[in-house]
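Structure first, then comments.
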Number of protein chains: 2
Amino acid sequence: MTSTARKPSRIQTENRKRIRDAALGLFSTHGFRGTTLDQIAEACGMHKPNLIYYYENKEAIHIDLLNTLMEEWLSPLDAMNPDGDPLEEILGYIRRKMEMSRLYPRESRLFANEIVQGAPRMLPHLESTLKPLFDRQCGILAKWMKDGKIAEMHPAHLIFSIWAVTQHYADFEAQISVLLPGDDKRARGADQFVEMMFRKVLTP
Amino acid sequence: MTSTARKPSRIQTENRKRIRDAALGLFSTHGFRGTTLDQIAEACGMHKPNLIYYYENKEAIHIDLLNTLMEEWLSPLDAMNPDGDPLEEILGYIRRKMEMSRLYPRESRLFANEIVQGAPRMLPHLESTLKPLFDRQCGILAKWMKDGKIAEMHPAHLIFSIWAVTQHYADFEAQISVLLPGDDKRARGADQFVEMMFRKVLTP
DNA sequence: CAAGTTTTTTACCATTTGGTAAAGTTACGA
DNA sequence: TCGTAACTTTACCAAATGGTAAAAAACTTG
C-alpha cells in the first residue's frame, strides 16, 4: 500500500503559501467566481498549471484559505478568560477584534464574502468549529450576567453586535472612506467610539 | 434628429422589472461575476437575447438594480425628523432598519456584496447621493448631542454602528442561523436586543 | 555525478459565457 | 384589418476560463 499523503517539501510549503497569499487578496475583493486562475498566477509570479500542481483546482485554494484562516481568525474569542474581570475581558476581546479589522482586512472580507453568499463552502466548518466555541462563550457571558458582573442581555446577540460593529470597519471600508475622508485619526476615533459604546452597554 | 430616448412601453416596464427581480436574487447571493445571464434568463422565464434586448449588457442590469434600489434603501435615513424627539427618532430609524433587514435581505446583501468588493460600480453614487445625506444626518445628531438630548459621541460612528448591527442580521444570516437555530423568535430577540442596546448607548 | 524525483513551462483543449444576427411572432395604432 | 413597430426566438460566435498533457528544467540523493 503506497502512502497517499507524503509530507510536503520545503518548496511545496513555500509555494503553497505564496499562492494562498495572492489568492487571499483576490478572493477577498473579487469573490470566488470573480477571481481567475490567471489572476492568481500572475499575482504570485507563477504559471497557471503550476497552481494546479499545488492545488487540485481553484476551489481547493479557496477551501484551504478558509480553513487555514478560520482558526487564527477565531482565536481571540477563545482567549476570553472565564476567571478574569468580565468587563475587561470583553473589552479586551473587542479591542483585539478592532485590531484585526485594521491589520487583516483581507481575511475579514474573505469571510464576509463567503457568509454573505450563503457560506457555500463553509457551512460544515461553521457547524463543527464555530458553533461549539460560540456556545461556550455564550455560556461564559451568561454566567457573568447571572453573577451581576455585566448587564443582563441575550449573550448571542451581544456577540453578533460585537462582530457586526468591529468587522464593519474592514468589510465596509469602501463606504466608510467615502463618508469619513481625511484618514489619519479615523482608526482611533473608531476604537474610542466602539469602546465607549460597549462599555455603556455592558455596565450593569 | 431622431429622439434617442423614447418613453418605455407597458411591456418594457413590466419585463425590465421581471428581469430586475430575478437578477436581484441571483446577484445578491452569487455576486456579479458569480451570476450568469443564462441563470437570470431562466429565473425570469426569458431567453438570454431577450435580456440583452432590454438591457445593453449584464453590467447594465446590475447598475440599474443598484440605482433603483439605492433611494428606497436610504429613505428611512431621510425620514429622521430634526424636530421630533431625538431618542424616539433614532430608535424609530433603527426599527425601520431592522424591519428592512427582515423584509429585504436581498437588497441588503446586494449592497453588501458591492461594498465588500470595493464598490466598483457604486463609488460615484456613494459620493453624490449618500454622502450629502449622511452629512446632513450627522449634523442633526450633532445638534441633538449639543442640546443634551442624547449622549455625546461621534455621530458618524454612531450611524456606522447602527448600519453594522442592523444589516448584520440580513448579510450574515447564513452564520446566524447556524449559531442560533430554532428560528421562531429570533427576529423578536434581535429587535429587543438592538433596541435595548442603542437605548443604553444614546441615553445621556 | 548519474539516476530518479520534483518542479516548471509550453502548448493545448473543452466548456462556459457574454453577446450578436436575423428570422419569426405578436401587439397596436391608423 | 392591415402595416409597421415592438418583441421573441433560434442559431450561432469569439473570448475567457478552468484544466490537461507532456516535455524541459532543476533539484535531491545514493
Side-chain angles (χ1 to χ4, degrees), chain A residues 1-27 29-66 113 117 120-121, chain B residues 1-66 113-114 117 120-121:
Chain A
M1 201 179 194
T2 59
S3 67
T4 39
R6 334 177 67 77
K7 59 182 165 189
S9 71
R10 195 198 81 246
I11 292 182
Q12 250 175 57
T13 314
E14 281 176 11
N15 280 352
R16 273 175 211 257
K17 197 169 163 188
R18 264 172 69 198
I19 294 171
R20 277 199 303 271
D21 189 62
L24 173 57
L26 290 161
F27 284 146
T29 55
H30 305 303
F32 178 73
R33 291 285 305 272
T35 301
T36 69
L37 283 176
D38 285 304
Q39 286 176 307
I40 300 174
E42 201 201 324
C44 65
M46 286 174 151
H47 290 209
K48 189 165 57 172
N50 216 350
L51 299 183
I52 298 309
Y53 176 75
Y54 288 109
Y55 284 97
E56 200 178 344
N57 51 34
K58 183 176 149 186
E59 193 169 12
I61 303 177
H62 195 237
I63 291 175
D64 189 35
L65 259 183
L66 290 173
N113 258 302
Q117 306 197 358
R121 284 170 253 277
Chain B
M1 202 178 196
T2 58
S3 68
T4 38
R6 334 176 67 78
K7 59 182 167 187
S9 72
R10 195 198 81 244
I11 293 183
Q12 248 175 61
T13 314
E14 280 177 10
N15 281 352
R16 273 175 212 256
K17 197 169 163 190
R18 264 171 71 197
I19 294 171
R20 277 199 304 270
D21 189 64
L24 173 56
L26 290 161
F27 284 147
S28 66
T29 55
H30 305 304
F32 178 73
R33 290 286 305 273
T35 301
T36 70
L37 284 176
D38 285 304
Q39 286 176 306
I40 300 175
E42 203 202 323
C44 65
M46 285 174 151
H47 291 208
K48 188 164 58 171
N50 216 352
L51 299 183
I52 298 308
Y53 176 76
Y54 288 108
Y55 284 98
E56 200 178 345
N57 52 34
K58 182 176 150 187
E59 193 169 12
I61 304 177
H62 194 238
I63 290 175
D64 189 35
L65 258 184
L66 290 173
N113 259 303
E114 171 72 7
Q117 306 197 358
R121 284 170 253 277

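First the proteins, then the strands, lettered A, B, ... as listed; each starts at 1.
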Produce the list of close N/O pairs, under 3.5 Å, pairing protein atoms with atoms of nucleotides 27-30 of chain D; give distances to one decimal.
none

*asked:* Taking atom CD as the centre, does A:Glu14 end up with more than 12 heavy-atom neighbours from other residues, nucleotides or ligands that are less than 6.0 angstrom away?
replied: yes
To the nearest 0.5 Å, what is the distance between [atom1] on [X] and [atom2] on [Y]?
X       : Y       : atom1 : atom2 : result
A:Phe32 : A:Ile61 : CZ    : CD1   : 8.5 Å
A:Met46 : A:Ile40 : CE    : CD1   : 11.5 Å
B:Asn15 : B:Leu51 : CG    : CG    : 10.0 Å

*What class does the angle between the rings of A:Phe27 and A:His62 fall in, given that below 30° is parallel, 30 to 60° is tilted and above 60° is perpendicular?*
perpendicular
*A:His30: ring pair (Phe, Tyr, Trp, His ring centres under 6.0 Å) partners, not counting sequence neighbours*: none
*C:dT8 phosphate, OP1 or OP2: any side-chain N/O from A:Asn15 under 4.0 angstrom?*
yes
*Under 4.0 angstrom between B:Gln12 side-chain N/O and D:dA6 OP1 or OP2*: no
_Sorted by number, the residues of residues 31-65 of chain B with heavy-atom contact under 4.0 Å to DNA chain C_ = B:Thr35, B:Thr36, B:Leu37, B:Lys48, B:Pro49, B:Ile52, B:Asn57, B:Lys58
*Check salt bridge (Lys or Arg N to Asp or Glu O under 4.0 Å) between A:Arg121 and all other residues, then give those that pass, not counting sequence neighbours.*
A:Glu59
*Residues in salt bridge (Lys or Arg N to Asp or Glu O under 4.0 Å) contact with B:Arg16, at least two apart in sequence or another chain*: none
*Provide the closest heavy-atom pair for B:Arg18 versus B:Cys44 in the form atom of the first, atom of the second, distance.*
NH2-O, 2.6 Å
*May I ask you to check whether B:Tyr54 and B:Arg20 show a side-chain donor-acceptor distance below 3.5 Å?*
no
*Would you mind reading off the bend of the helix from C:dC1-D:dG30 to C:dA30-D:dT1 from its two end axes, five pairs each, to 10 degrees?*
20°
